[in-house]
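Heads up: the structure comes next, in structure tokens.
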Amino acid sequence: MRQASGELFPTDSPLPASEMIGRRDDVREVATRLAAGTHLIVAGPRRTGKTSACEAALARLRRRGNYTARVDLFRVADAAELAEAVATSVIANRSAAHRALRRARAFGRAALSAAQAQLLLRLVGELGEGVELALSPGRAAQDPERALDLALELPERVARADGERLVLFFDEFQEVASARRPYGDPDAVTNRMRAIFQRSTSVSYLFAGSIEHTMRNLFAPARRAFSGFGSFYSLRAIGEEEWRRGLAERFAADDCTIGDAALGRLVELGDGHPRATMRVAQQTHLVSIELGTREIDLELVQLGFERALEGDRPTMEQVVERVRLLHKHGLLVAREVAAGRAPPRRLHPGVRDRVLKLLRDAGILEHQSRGRWRVIDPLLRRYLATLDPFA
Ligand SMILES: Nc1ncnc2c1ncn2[C@@H]1O[C@H](COP(=O)(O)OP(=O)(O)O)[C@@H](O)[C@H]1O
Ligand SMILES: [Mg+2]
């Protein structure tokens, strides 16, 4: 029996700390700074391991006795849900209360034992109305704005009451500034957040976000609510040696051997991009199963790479569609960067600069050094380069 490729090399979700390759120093450093009361912002392109690293830091903090809570704004539709999600995650740190709470949410308060009902009553008395949000689904919807205030004040109350530091992790935080205004007017929401966070001296905040410029806009300029709140933390690149060791271990878990050349090629094709590297490894492993071999060689890696490209095609076609909508010259510039070609003459340099910035803000390109740009995802890079009508 062979192991499932998608389990050996997951690509669709954050990785549990035990399966992460590299990142040990990052996890330790993020956890240490949060434990010391610093607020951190982790901004970077999608699928580069932000959530995995932040969750691992939280797990580390929990092991050391800190309280932790998390909300993923991608999953939260509006202010009322945000309030409920924060309250529920914060209360989860009190395990007895959490059990009672889960029961109350699932079956109604009538389903609680006398002791559980008593516990929840005490909790409301001790921690205030914010607890009610976690307790009664839908309650926050009656007055979402007030509910959100109550929920955001809850972490400090719980931390204070128990004499613990609480770390609250907001994933995909750029959503607060989204044009759809899911939680209300962005300036108003962030102002209220800042006011509460500032008073919450027992709480450390961790913000992750995949639209880098939005995150910078939220936290950097002086006129923004969050300006000067917390410091930016950049995850280090996962080193070539770490990739080699990590990937070889993963293959070995399915009794596969991989030669030096094949391993080097795999790391090279992934180009340091966590999700792309894992995807190529995953598809290479899948090919090895189909061919009934446990020896991973260069040829298999090449087949794996082609499979990865093929499998990602639907998503990449959507990206191309977005690039086209971004600017009429969007695709022209993206292809030029992907293929490493000189800028097209017919494009005015000012226009090209503007398009490059749009592509950067869309999380597709990154600026490397003066005048040098690249497509962040190596699979997308290859795809765009092959779209080149002049190739
Ligand atoms: N440390 C790591 N080691 C190996 N693969 C990783 C690592 N971090 C991320 N990945 C890969 O990237 C994918 C996305 O990770 P995730 O943490 O969700 O990224 P982000 O939050 O930046 O979008 C994972 O499913 C995995 O394939
Ligand atoms: Mg994420």
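Each ligand, and each atom within it, is numbered from 1 in the order the structure gives.
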*State whether Tyr67 and Arg62 meet the cation-pi test: NZ (Lys) or CZ (Arg) under 6.0 Å from the six-membered ring centroid, and within 45° of the perpendicular axis.*
no
*Around the Mg ion (ligand 2), what protein N, O or S atoms are found below 2.8 Å?*
Thr51 OG1
*What pairs with Ser202 under side chain to side chain contact (heavy atoms under 4.5 Å, CB included), at least two apart in sequence or on another chain?*
Glu156, Ala159, Arg160
_Asp297: which residues meet the side chain to side chain contact (heavy atoms under 4.5 Å, CB included) condition with it, sequence neighbours left out?_
Glu299, Leu300
*How about Arg194 and Gln198: does a side-chain donor come under 3.5 Å of a side-chain acceptor?*
yes
*Measure from the ring center of Phe251 to the ring center of Phe9 and say whether it is less than 6.0 Å.*
yes
*Using the six-membered ring wherever Trp is involved, compare the ring planes of Phe197 and Tyr205 and label them parallel, tilted or perpendicular (cut-offs 30° and 60°).*
parallel
*Taking only Lys NZ, Arg NE, NH1 and NH2, and the carboxylate oxygens of Asp or Glu, determine whether Arg279 and Asp312 approach each other closer than 4.0 Å.*
yes
*Go through the steps to decide whether Phe173 and Phe74 satisfy the test ring pair (Phe, Tyr, Trp, His ring centres under 6.0 Å), and finish with yes or no.*
CA-CA 9 Å; Phe173 190 69; Phe74 270 170; over 10 Å; no
*Run through ligand 1 for me and note each protein residue having a heavy atom under 4.0 Å from it, chain first, then residue number.*
Pro10, Thr11, Asp12, Ser13, Pro14, Leu15, Met20, Ile21, Arg23, Pro45, Arg46, Arg47, Thr48, Gly49, Lys50, Thr51, Ser52, Ile238, Trp243, Pro274, Arg275, Met278
*Are side-chain heavy atoms of Glu81 and Glu84 found at a separation under 4.5 Å?*
no
